[in-house]
Protein chains: 2
Amino acid sequence: MRDGRATRQKIHQEALKQFVEKGVAETTVRDLAHAAGIAEGTLYRHYESKDSLVWDLFSSNYKVFAQQLTAIQKRHPNFPARLSATISEFCRFFDDDPMLFRFLMLTQHQALPRVENDDDNPVEVIQKMIVSAMKRGEIAKRSPGLAANLLLGLVLQPAVGLVYGRIKPPLSQYAETITQACLRVLKV
Amino acid sequence: MRDGRATRQKIHQEALKQFVEKGVAETTVRDLAHAAGIAEGTLYRHYESKDSLVWDLFSSNYKVFAQQLTAIQKRHPNFPARLSATISEFCRFFDDDPMLFRFLMLTQHQALPRVENDDDNPVEVIQKMIVSAMKRGEIAKRSPGLAANLLLGLVLQPAVGLVYGRIKPPLSQYAETITQACLRVLKV
DNA sequence: GCATTATAAGTGAACGCTCACTCACAACAA
DNA sequence: TTGTTGTGAGTGAGCGTTCACTTATAATGC
């Protein structure tokens, strides 16, 4: 039998690019097939539907990223080290695969309500990191939801700025600055 | 002649709600007409196309918001006062008309490339406020693009958190906290 | 080695359906 | 009457999806 893994990979790559640049609804299966150099029908050998392609692309990668963040938490003992490593990971992810990062963290808000398990959610991982730091007295106590989103804003918005050409790449060069900003905001 | 202004207002209101909750592409003209209590054809008495409705809704309101922010800059002499008033304005806007705020600042990224005049762009207004403060020595000098986006992240991401139910409304109650966070980040 | 068989991968014209948009007409106000 | 607003069945382009068919390759028996 023939090996379709290369085709699948090409579909992934082109789908991400088009979904991010044009939007999911604005990308037709015809567009996608043409960009990937395959026939329309071929896409349905690999995915049940356009929608399942979108969902698979989102959920699997979202889960993996959340698990990477979780692994970082376990690897570092205290809050400043965890924060620094987490932010570096965000920056590295953006620089390595900007389309995937944008798809997961900046554009696919519609998919978020379908994510069920909290452990597979990057936002949840960050909030848990903050709650843990508050319990240990490493940062000042206040609304964890607010603190998590302040922190998240300091990471995600620079990524947006980079997308719009308001900030020079790579994002990683600002990792240390962003980390310091987070620590100041959380009054460490 | 008959007065269509009430109809136009109803279209605005329902369109915003559906565009934000479902997405622009996922909202059909039929949906819209039904929600607004009018026939499909009536929508075309007021707008050339669905697309022109989206663009009109975005550009006119985007412009007005940018001008309100500009007015605030002129009203306050120094950076801390400007920042505080600007952030309060963001929060008030979100609390007053969450659908419009979300449409302009959180979901309609696709429309941004079409905005031409810099003066009618909220992001640009904030960046200019920062550049001005750097020149006066009110805050530490560094990349204005990065600084503007760090600040913006501290305002927009809490709004996102509120949308997802991770933060309790109203947003205005956090205005002071967010302002303080901005000042810390900018090392005032 | 060399046929034979099995099966997954790839194809693209065709299909049913939904969509944004149109238009002939009605209702209303000036 | 005259111009504006409202109507909703009608239209055709474009969408996601299907399916009968072809092609490539792995597995099997000789």
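Just so it is clear, the structure is predicted and the values come from calculations on it, not from any experiment. We name chains A, B, ... by the order of the sequence lines, and we start the count at 1 in each one.
- Here the nucleotide nearest the side chain of B:Arg45, chosen from D:dT18, C:dA24, D:dG8, is C:dA24.
- Between the side chain of A:Arg2 and the base of C:dA9 there is at least one donor-acceptor pair of N/O atoms closer than 3.5 Å.
- Atom-to-atom, NE2 of B:His34 to C1' of C:dC19 comes out at 17 Å; the value is rounded to the nearest Å.
- The nucleotide whose nearest atom lies closest to any side-chain atom of B:Lys50 is, among C:dC21, D:dG16, C:dG12, C:dC21.
- Here A:Ser52 lies out of heavy-atom contact (under 4.0 Å) with every strand.
- Checked by distance alone, B:Arg30 brings no side-chain donor or acceptor within 3.5 Å of a matching partner on the base of C:dT18.
- Counted within 6.0 Å of NZ on A:Lys128, heavy atoms from surrounding residues, nucleotides or ligands total more than 12; the atom is thus considered enclosed.
- In the displayed structure, B:Lys168 atom NZ is contacted under 6.0 Å by at most 12 heavy atoms of other residues, nucleotides or ligands.
- Distance from the side chain of A:Thr28 is smallest to D:dC15 among C:dA20, D:dT17, D:dC15.
- The nearest whole Å value for the distance from the CD1 atom in A:Ile38 to the P atom in D:dT22 is 21 Å.
- One interatomic measurement links the two molecules: CD of B:Glu40 to P of D:dA9, which rounds to 10 Å at whole-angstrom precision.
- Going from atom CG of A:Asp51 over to atom P of D:dC15 covers 17 Å, rounded to whole Å.
- When distances are taken from the side chain of B:Val29 to each of C:dT11, C:dA20, D:dG16, the shortest belongs to C:dA20.
- One can place CZ of B:Arg5 at 20 Å from P of C:dC28, the figure rounded to the nearest angstrom.
- Between A:His46 and C:dG10, a side-chain N or O to OP1/OP2 separation shorter than 4.0 Å is present.
- Side-chain N/O atoms of B:Thr7 include one lying less than 4.0 angstrom from OP1 or OP2 on D:dG6.
- Other residues, nucleotides and ligands place no more than 12 heavy atoms under 6.0 Å from the CZ atom of B:Arg5.
- One distance of note links CZ of A:Arg82 with CD1 of A:Ile130; it measures 12.0 Å at 0.5 Å rounding.
- When the P atom of C:dA20 is taken as reference, atom CH2 of B:Trp55 falls 20 Å away, rounded to whole Å.
- B:Tyr44 places its OH atom 14 Å from the C1' atom of D:dG10, with the value rounded to the nearest Å.
- For the pair B:Arg102 and B:Phe19, the cation-pi test (distance below 6.0 Å, angle within 45°) is failed.
- For the pair A:Thr42 and C:dA9, the criterion of a side-chain N or O lying under 4.0 Å from OP1 or OP2 is not met.
- Atom CD1 in B:Ile11 sits roughly 10 Å away from atom P in D:dT7 (whole-Å rounding).
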